[in-house]
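Please read all numbers here as calculations on a predicted model, not as lab measurements.
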Amino acid sequence: VGYVTLPKNQTETTISEPRYNVESLVFWCGVGHSPYHHNPYVKDTSTNGTMVIGHDNQGHDADFAYLIIG
């Protein structure tokens, strides 16, 4: 389990996540207010423990929790 803030005015966020690999499944859950319509997804993967999250720009920050399986 981890947490990430998807920043306003961006459509891509890169986080360091050593537990993530190219065969992992990631599940998202909004935390707090205004997580609606950000639609996070894994946009790009890397073998060095980073995950690139693609998301919609809704003009405000949104906090998400994620669960990595595998």
Side-chain angles (χ1 to χ4, degrees):
V1 173
Y3 297 91
V4 62
T5 297
L6 304 180
K8 64 182 177 182
N9 303 323
Q10 294 185 25
T11 58
E12 186 175 286
T13 303
T14 302
I15 61 171
S16 176
E17 181 50 80
R19 298 169 293 179
Y20 180 80
N21 67 61
V22 296
E23 296 178 1
S24 296
L25 295 175
V26 180
F27 297 91
W28 308 96
C29 180
V31 177
H33 73 292
S34 301
Y36 311 107
H37 308 297
H38 275 79
N39 303 316
Y41 63 95
V42 177
K43 183 175 182 179
D44 194 12
T45 60
S46 176
T47 57
N48 66 357
T50 60
M51 179 169 53
V52 179
I53 304 165
H55 51 87
D56 295 338
N57 172 17
Q58 296 299 326
H60 59 274
D61 293 349
D63 296 324
F64 280 84
Y66 58 87
L67 170 67
I68 298 174
I69 297 178

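Thr11 meets the side-chain contact (heavy atoms from CB on, under 4.5 Å) test with Asn57; sequence neighbours excluded. With sequence neighbours excluded, the residues forming a side chain to side chain donor-acceptor pair (under 3.5 Å) with Lys43 are Glu12, listed by chain and number. Looking at residues two or more places apart in sequence or on another chain, you find a side chain to side chain donor-acceptor pair (under 3.5 Å) between Thr5 and Asp63.
A pairwise comparison of heavy atoms in Asn9 and Gly59 identifies OD1-CA, 4.3 Å as the closest pair. Considering every non-hydrogen atom in both Ser24 and Gly70, the closest pair reads OG-O, 2.7 Å. Minimum interatomic distance between His38 and His60 (heavy atoms only, all atoms of both residues): NE2-O, 3.2 Å. Between Tyr66 and Tyr3, the shortest heavy-atom contact is CE2-N, 3.5 Å. In this structure, Val42 and Met51 approach most closely via the heavy-atom pair CG2-SD, 3.9 Å. Of all heavy-atom pairs spanning Pro40 and Phe64, the tightest one is CG-CE2, 3.8 Å.
Under the 4.5 Å side-chain heavy-atom criterion for Ile, Leu, Val, Met, Phe, Trp and Tyr, Val22 and Tyr41 are members of distinct hydrophobic clusters.
Thr14 places no side-chain N or O within donor-acceptor distance of the main-chain N or O of Val52, the cut-off being under 3.5 Å. Using modelled atom types, one side-chain atom of Glu17 and one backbone atom of Arg19 make a donor-acceptor pair closer than 3.5 Å. Of the possible polar contacts, one joining the Asn21 side chain to the Glu23 backbone as a donor-acceptor pair under 3.5 Å is found.
A distance of 7.5 Å separates OG1 in Thr50 from CG in Asp44, rounded to the nearest 0.5 Å. Between atom CD1 of residue Ile68 and atom CZ of residue Phe27 there is a gap of 11.5 Å, rounded to the nearest 0.5 Å. Remark: Leu25 CG to Tyr20 OH distance equals 8.5 Å, nearest 0.5 Å.
If you run side chain to side chain contact (heavy atoms under 4.5 Å, CB included) between His55 and each of Val4, Thr13, Asn39, only Thr13 comes through.
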